[in-house]
K.L.:
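The structure's right below; bear with me while I get my questions together.
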Amino acid sequence: MKHRMNAITKDGPEMKAISDAAASAGTWVMLGFAERDRGSIYCSQALIDDRGEVVMTRRKLRPTHMERTVWGEGPVTDITVVDTPMGKVGGLCCWENIQPINRQGMYQLGEQIHVACWPSFGMFKDVRQAYALSAEANMAESKSYALQGSCFVLAANSIITEESLDAITMGNDDLRAMVQAGGGSAMVFGPDGYRLTDPIDEHTDGLAIADIDLGMIEGAKVFADPAGHYYRPDVARHVLDGYAGPIDANPPQENPC
C-alpha cells in the first residue's frame, strides 16, 4: 500500500522538482520511478534534458514474477530511443535487459547509450539458489548488453541503507533475514564490453563516471553489428513466427507436399 501511495505521475510536482534540479545543474537525467496512471501503477523510466524538459517516459513491458501483482504492463511502443546531443539514448528496467527480443529492438533503433536501471542487490545476497538476482549475474548481463549491441551501457542501481531496513522488513524477522544493507553495484561498460569505471563500495551512494567516445562504437561494429551485417532477419522471423510463445499458440504447419 505504501508503494502505491508513493507512486508519482509523469507530469506531477515530484517530477517537476527533479526536472527543475536537472535544469539548475545543466545535466541530463534518466531515472526510474513508480508511475501512477489513474488506478494503476507502472515501473517506469523518464529521460529529462538539461533544460528540465521530460523528453521521454516509458514503462516496463512486462513486470517480472511477483512484480505482476503490483505493476501493469507497458505498451510495445515503449521500445524506444531518443536522439540527444550525446547520442541515441534508450533504457530498460531490470530484467527487461536480459530479454533477447527487447535487446534486438533497441539495437535496431540504433541505440548508442543504454541506461540499464536495476534495483538494489541486497535481497537474497549470497543465497546460492537466488544467484540470478545477484549483482554479479546482472552486471554480467549489463556487460553482455554492451558487447552484444556495440553500445555504451550505464548500469545504475539503488542501495539499501541500514536505516531503511526496518521500514522495508516491517518487523518481520523472516523477511529481515532475506534483506541486507548495501547492494550497490553501479558500472559503465564500453561497446566492447570493457568496464570503464572503478568499483564503488556497495554501501556508498556514489557515482560511476566515465568518458564516452562514440567513435568506439564504430570500431566495435566493424566486428559485429547486430542490427546490420551481423544480423539475420530471416532467422529471427523464422524463429519468432514458428516457435514463439506457448506451444498451443503455434498450430502445426501443413505439409506443402
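The chain is numbered in sequence order, starting from 1.
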K.L.:
Evaluate the side-chain proximity of Ile159 to His203: yes if any heavy-atom separation is below 4.5 Å, no if none is.
P.N.:
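Of all side-chain heavy-atom pairs linking Ile159 with His203, none is under 4.5 Å.
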K.L.:
Would you list the pairs meeting salt bridge (Lys or Arg N to Asp or Glu O under 4.0 Å) in which at least one residue belongs to residues 89-105, sequence neighbours left out?
P.N.:
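Residue pairs passing salt bridge (Lys or Arg N to Asp or Glu O under 4.0 Å), neighbours aside: Arg58-Glu96, Arg103-Glu141.
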K.L.:
May I ask you to list the residues sharing a hydrophobic cluster with Met170, side-chain cutoff 4.5 Å, ordered by chain and number?
P.N.:
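Its cluster partners, ordered by chain and number, are none at all.
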K.L.:
Mind listing the side-chain donor-acceptor pairs of residues 216-226 below 3.5 Å, one per line with the distance, residues two or more places apart or on another chain?
P.N.:
residue, atom, partner, partner atom, Å
Lys221, NZ, Asp225, OD1, 3.2
Asp225, OD1, Ala227, N, 3.1

K.L.:
Please report the closest heavy-atom contact between Leu196 and Phe189, naming both atoms and the distance.
P.N.:
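That closest heavy-atom pairing would be CD1-C, 4.0 Å.
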K.L.:
With rounding to the nearest 0.5 Å, note down the distance linking CG in Asp174 to CE in Met178.
P.N.:
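Rounded to the nearest 0.5 Å, the CG-CE separation comes out at 6.0 Å.
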K.L.:
Glu67 versus Cys43: any side-chain heavy-atom pair under 4.5 Å?
P.N.:
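A side-chain contact is absent here, since even the closest heavy-atom pair is not under 4.5 Å.
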K.L.:
Using a strict threshold of under 4.0 Å (side-chain N to carboxylate O), is an ion pair present between Glu73 and Arg62?
P.N.:
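Salt bridge present between Arg62 and Glu73.
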K.L.:
When rounded to the nearest 0.5 angstrom, what is the spacing between CG in Asn172 and CG in Leu175?
P.N.:
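These two atoms lie 5.0 Å from each other.
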K.L.:
Any ring-ring contact (aromatic ring centres under 6.0 Å, His included) involving residues 124-149? Give me the pairs, sequence neighbours left out, ordered by first then second residue.
P.N.:
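Non-adjacent pairs meeting ring-ring contact (aromatic ring centres under 6.0 Å, His included): Tyr107-Tyr145, His114-Tyr145.
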K.L.:
Without swapping roles, check the side chain of Arg232 against the backbone of Asp234 for a donor-acceptor pair under 3.5 Å.
P.N.:
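No; zero donor-acceptor contacts below 3.5 Å.
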K.L.:
Hey, are the side chains of Glu202 and Gln180 touching, using non-hydrogen atoms and a 4.5 Å cut-off?
P.N.:
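Answer no - side chains too far apart.
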K.L.:
To the closest 0.5 Å, what do you measure between CG (Leu154) and SG (Cys117)?
P.N.:
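So the CG of Leu154 and the SG of Cys117 are separated by 9.5 Å.
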K.L.:
Before you tell me yes or no, could you show the steps for Arg176 and Leu165 under side chain to side chain contact (heavy atoms under 4.5 Å, CB included), namely the whole-Å CA-CA distance, both residues' side-chain angles and the distance that decides it to 0.1 Å?
P.N.:
CA-CA 8 Å; Arg176 182 63 181 81; Leu165 283 174; 3.1 Å; yes
K.L.:
Let me see the working for Ser142 and Val153 under side chain to side chain contact (heavy atoms under 4.5 Å, CB included), right down to the final yes or no.
P.N.:
CA-CA 7 Å; Ser142 298; Val153 170; 4.1 Å; yes
K.L.:
Please tell me if the side chains of Met86 and Ile113 come closer than 4.5 Å, counting only heavy atoms from C-beta onward.
P.N.:
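Yes, close enough: below the 4.5 Å cut-off.
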K.L.:
So, does Ser120 use its side chain to make a donor-acceptor pair with the main chain of Gly122 at under 3.5 Å?
P.N.:
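Looks like yes, one N/O pair under 3.5 Å.
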K.L.:
Please identify each residue that fulfils salt bridge (Lys or Arg N to Asp or Glu O under 4.0 Å) with Arg4, with sequence neighbours left out.
P.N.:
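Residues passing salt bridge (Lys or Arg N to Asp or Glu O under 4.0 Å) with Arg4: none at all.
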K.L.:
To the nearest 0.5 angstrom, please state how far the CD atom of Gln104 sits from the CD1 atom of Ile79.
P.N.:
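Output value for this atom pair is 11.0 Å.
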K.L.:
Each residue besides Ile209 in its hydrophobic cluster should be listed here, by chain and number; the cluster joins Ile, Leu, Val, Met, Phe, Trp and Tyr at side-chain heavy-atom distances under 4.5 Å.
P.N.:
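Reading the cluster by chain and number, Ile209 sits alongside Leu207.
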K.L.:
Check whether any side-chain heavy atom of Asn102 lies under 4.5 Å from a side-chain heavy atom of Trp95, and answer yes or no.
P.N.:
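When only atoms from C-beta onward are counted, Trp95 and Asn102 do not touch, as no gap falls below 4.5 Å.
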K.L.:
My understanding is that a hydrophobic cluster links ILVMFWY residues whose side chain heavy atoms are under 4.5 Å apart, including indirect links. Using that, what else belongs to the cluster containing Tyr230?
P.N.:
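Grouped by the 4.5 Å side-chain rule, Tyr230 forms a cluster of one, so the answer is none.
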K.L.:
Just jot down the side-chain contact (heavy atoms from CB on, under 4.5 Å) partners of Ser185, sequence neighbours excluded, or say none.
P.N.:
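Listed in chain order: Phe121, Ala135, Met139, Asn157, Met187.
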K.L.:
Start with the C-alpha gap between Met56 and Met30, add the side-chain angles, then the distance that decides, and say whether side chain to side chain contact (heavy atoms under 4.5 Å, CB included) holds.
P.N.:
CA-CA 9 Å; Met56 182 271 286; Met30 175 81 92; 3.9 Å; yes
K.L.:
Using only atom types and a distance under 3.5 Å, with no angle test, would you say the side chain of Asp241 pairs donor to acceptor with the backbone of His238?
P.N.:
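Not confirmed, Asp241 side chain does not pair with His238 backbone.
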K.L.:
Please name the pair of heavy atoms, one in Ala22 and one in Val29, separated by the smallest distance, quoted to 0.1 Å.
P.N.:
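Distance-wise, the nearest heavy atoms are CB-CG2, 3.9 Å.
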K.L.:
So for atom CG, which belongs to Asp20, do other residues, nucleotides or ligands contribute more than 12 heavy atoms lying within a distance under 6.0 Å?
P.N.:
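Result for CG/Asp20: enclosed.
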K.L.:
Using the salt bridge (Lys or Arg N to Asp or Glu O under 4.0 Å) rule, collect all pairs that involve residues 25-49, keeping only residues at least two apart or in two chains.
P.N.:
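Sorted pair list: Glu35-Arg59, Asp37-Arg59, Asp49-Arg51.
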K.L.:
What residue pairs, at least two apart or across chains, pass ring-ring contact (aromatic ring centres under 6.0 Å, His included) with a residue in residues 21-73?
P.N.:
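Residue pairs passing ring-ring contact (aromatic ring centres under 6.0 Å, His included), neighbours aside: His3-Trp71.
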K.L.:
Check whether any side-chain N or O of Asp192 sits under 3.5 Å from a backbone N or O of Leu147 as a donor-acceptor pair, and report yes or no.
P.N.:
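Checking the backbone N and O of Leu147 against the side chain of Asp192, no donor-acceptor pair under 3.5 Å is found.
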K.L.:
Side chains of Val54 and Ser19: closer than 4.5 Å at any heavy-atom pair?
P.N.:
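Touching, per the 4.5 Å side-chain cut-off.
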K.L.:
For Lys143, which residues count as a salt bridge (Lys or Arg N to Asp or Glu O under 4.0 Å) partner, sequence neighbours excluded?
P.N.:
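None.
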K.L.:
Go through the steps for Lys10 and Ser44 under the test side chain to side chain contact (heavy atoms under 4.5 Å, CB included), then give the verdict.
P.N.:
CA-CA 9 Å; Lys10 62 183 180 182; Ser44 298; over 6 Å; no
K.L.:
Return the CD1 to CD1 distance between Ile18 and Ile8, rounded to the nearest 0.5 Å.
P.N.:
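Ile18 atom CD1 to Ile8 atom CD1 measures 5.5 Å (nearest 0.5 Å).
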K.L.:
Show the nearest heavy-atom pair for residues Ile41 and Ala7, with the distance to one decimal.
P.N.:
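Ile41 and Ala7 have their closest heavy atoms at CG2-CB, 3.6 Å.
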K.L.:
How far does CG of Leu92 sit from CD of Glu111, to the nearest 0.5 angstrom?
P.N.:
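These two atoms lie 7.0 Å from each other.
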K.L.:
Membership question, hydrophobic clusters at under 4.5 Å side-chain separation (ILVMFWY): are Met106 and Leu214 in the same one?
P.N.:
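Leu214 and Met106: separate clusters.
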K.L.:
Do Gln112 and Ile212 have side chains that get closer than 4.5 Å, going by heavy atoms?
P.N.:
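Gln112 does not reach Ile212 side chain to side chain.
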K.L.:
Would you say that Leu31 contacts Ile48 through its side chain, given a criterion of any heavy-atom pair below 4.5 Å between the two side chains?
P.N.:
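In short, these two side chains touch, coming nearer than 4.5 Å.
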K.L.:
With ILVMFWY side chains joined below 4.5 Å, transitively, what does Tyr231's cluster contain besides itself?
P.N.:
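For Tyr231, no cluster forms, as it stays isolated from other hydrophobic side chains.
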K.L.:
Treating Ile, Leu, Val, Met, Phe, Trp and Tyr as nodes and any side-chain heavy-atom pair under 4.5 angstrom as an edge, say whether Ile168 and Val127 lie in one connected cluster.
P.N.:
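Same hydrophobic cluster.
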K.L.:
Indicate if Val81 and Leu61 have the same hydrophobic cluster label, given that clusters are the connected sets of ILVMFWY residues with side-chain heavy-atom separations under 4.5 angstrom.
P.N.:
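In one cluster with Val81: Leu61, yes.
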